[in-house]
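The block underneath contains the structure these notes are about, expressed in structure tokens.
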Amino acid sequence: MDDYVDTLYQNADPRLQETIDLKEETRTHLEQSIRDLMLTGRSETEATRIALDRFGGAEQADSIIKTMQIQQNRFATRLFHIGLGVLLSSMIVFIASLWIGGKYDLTFADAVYLNVAEAAPVDAETGQAILQTSGLIHGVSMTAADTPGEAISLSKRWAGTVGLISDERSYLENDVFTVIDVIDPRKIGSILLLMGLTVYYVLSTVWGVITLHTRQRLNLLSLAMLLTLNVIGFWIANRVTSKEE
């Protein structure tokens, strides 16, 4: 019985858990059918022949394998669509962050020029005014050009938690050198874009591996092209192996 079941599913990957489960279900079904037929008075040989005929043989097994492959392809395609959706969303966010970053550059510059231009000598009040101009400004350092030894440095309490998305802006106004630490929307957009690219690459690679495997075209060459060229590599690998067949 084991040899017969292995022969039925020789076109399926024996390493897949789905194939293992399918073989076990088929073996159990056939053994139960044989026992039921033997209870009706048939010999074991006759019961086995009838049970195998009822199952449908290789054609039935191929139909089951094809159904399993269709399900795998649907799952793979769903993963690819999710990855593509994440990538497109992250690209839109990145483009928006470039526009928002440009707008805030003007806000940051105004925060310094408007406050420093009206300021007396460097003092904490001017620094606080700059900090309060925008929620994205989390630190300010001011040094008078004629008295470099006199400087003030202020920051918000949470300033140390935004290092990855933080940036510096430097300005010279009214003989005061001012450096402000800001949250840069473009850095946020860049990080989200990188995350989107990573998710897309992983999911699209899984999609390519499953699809090439179900088409029996997965080998070292096709895998290398998929990993290096992604969708283009998948298309080339699919075309090359198709011509070889």
Side-chain angles (χ1 to χ4, degrees), residues 6 8-25 58-59 61-105 136 161-169 182-245:
D6 289 340
L8 285 178
Y9 297 105
Q10 60 183 343
N11 293 328
D13 190 342
R15 297 168 296 180
L16 292 177
Q17 186 61 43
E18 291 87 346
T19 304
I20 297 173
D21 294 340
L22 197 55
K23 286 182 177 181
E24 183 60 30
E25 290 175 7
E59 291 183 0
D62 287 342
S63 177
I64 295 174
I65 294 172
K66 186 173 293 185
T67 301
M68 185 172 64
Q69 290 174 342
I70 290 173
Q71 293 174 344
Q72 291 174 346
N73 284 332
R74 286 177 178 173
F75 173 71
T77 301
R78 191 176 296 114
L79 289 180
F80 179 75
H81 288 163
I82 292 173
L84 190 60
V86 170
L87 176 61
L88 292 176
S89 298
S90 64
M91 291 176 66
I92 292 173
V93 171
F94 175 70
I95 293 172
S97 74
L98 295 180
W99 180 79
I100 295 172
K103 298 284 287 185
Y104 269 101
D105 281 345
L136 297 186
T161 63
V162 293
L164 191 62
I165 56 175
S166 181
D167 200 3
E168 288 187 351
R169 300 286 189 275
V182 302
I183 295 175
D184 190 348
R186 283 164 293 208
K187 285 195 173 184
I188 298 175
S190 298
I191 292 172
L192 292 177
L193 178 60
L194 181 60
M195 293 172 62
L197 284 168
T198 302
V199 171
Y200 165 77
Y201 179 79
V202 171
L203 294 183
S204 62
T205 300
V206 173
W207 160 77
V209 169
I210 293 176
T211 304
L212 288 171
H213 174 73
T214 55
R215 295 179 183 179
Q216 297 183 349
R217 294 173 182 172
L218 182 63
N219 50 48
L220 288 177
L221 177 61
S222 62
L223 181 60
M225 287 190 288
L226 175 65
L227 292 175
T228 54
L229 300 176
N230 201 253
V231 174
I232 297 176
F234 168 82
W235 181 80
I236 295 173
N238 200 43
R239 295 278 296 181
V240 169
T241 53
S242 178
K243 289 182 179 179
E244 289 177 354
E245 292 174 359

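Owing to the predicted nature of the structure, the values given are computational and were not obtained by experimental measurement. We use all heavy atoms of the structure for the numbers below, so side chains are in, but hydrogens, waters and symmetry mates are not.
Although no hydrogens or angles enter the test, the distance criterion places a donor-acceptor pair under 3.5 Å between the side chain of S97 and the main chain of F94. The backbone N or O of G208 lies less than 3.5 Å from no partner atom in the side chain of T211, so there is not a single donor-acceptor pair. Side-chain atoms of S222 come within 3.5 Å of backbone atoms of R217 as a donor-acceptor pair (strictly under, hydrogens ignored).
Interatomic distance, L136 CG to I188 CD1, rounded to the nearest 0.5 Å: 7.5 Å. Taken from CD1 in I236 to CG in L221, the straight-line distance is 10.0 Å, to the nearest 0.5 Å. A distance of 12.0 Å separates CG in D105 from CD1 in I100, rounded to the nearest 0.5 Å. Atom OG of residue S89 and atom CG of residue L192 lie 10.5 Å apart, to the nearest 0.5 angstrom.
Annotation: side chain of L193 is not in contact with side chain of V93 (no heavy-atom distance under 4.5 Å). Residues K187 and V182 have side chains not in contact (no heavy-atom distance under 4.5 Å, counting atoms from C-beta outward).
Counting non-hydrogen atoms of neighbouring residues, nucleotides and ligands closer than 6.0 angstrom, the CD1 atom of I232 reaches no more than 12 such neighbours. More than 12 heavy atoms of other residues, nucleotides or ligands sit less than 6.0 Å from atom CZ of F80.
Closest non-hydrogen pair, S90 versus G196, comes out as OG-CA, 3.6 Å.
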**Asked** Passes side-chain contact (heavy atoms from CB on, under 4.5 Å), D184 versus I165? Steps please.
**Response** CA-CA 6 Å; D184 190 348; I165 56 175; over 6 Å; no
**Message:** Would L227 and Y201 count as a side-chain contact (heavy atoms from CB on, under 4.5 Å) here? Give the steps.
**Reply:** CA-CA 9 Å; L227 292 175; Y201 179 79; 3.8 Å; yes
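The residue from V231, I82, V86, L88 that alone fulfils the side-chain contact (heavy atoms from CB on, under 4.5 Å) condition with Y200 is V231.
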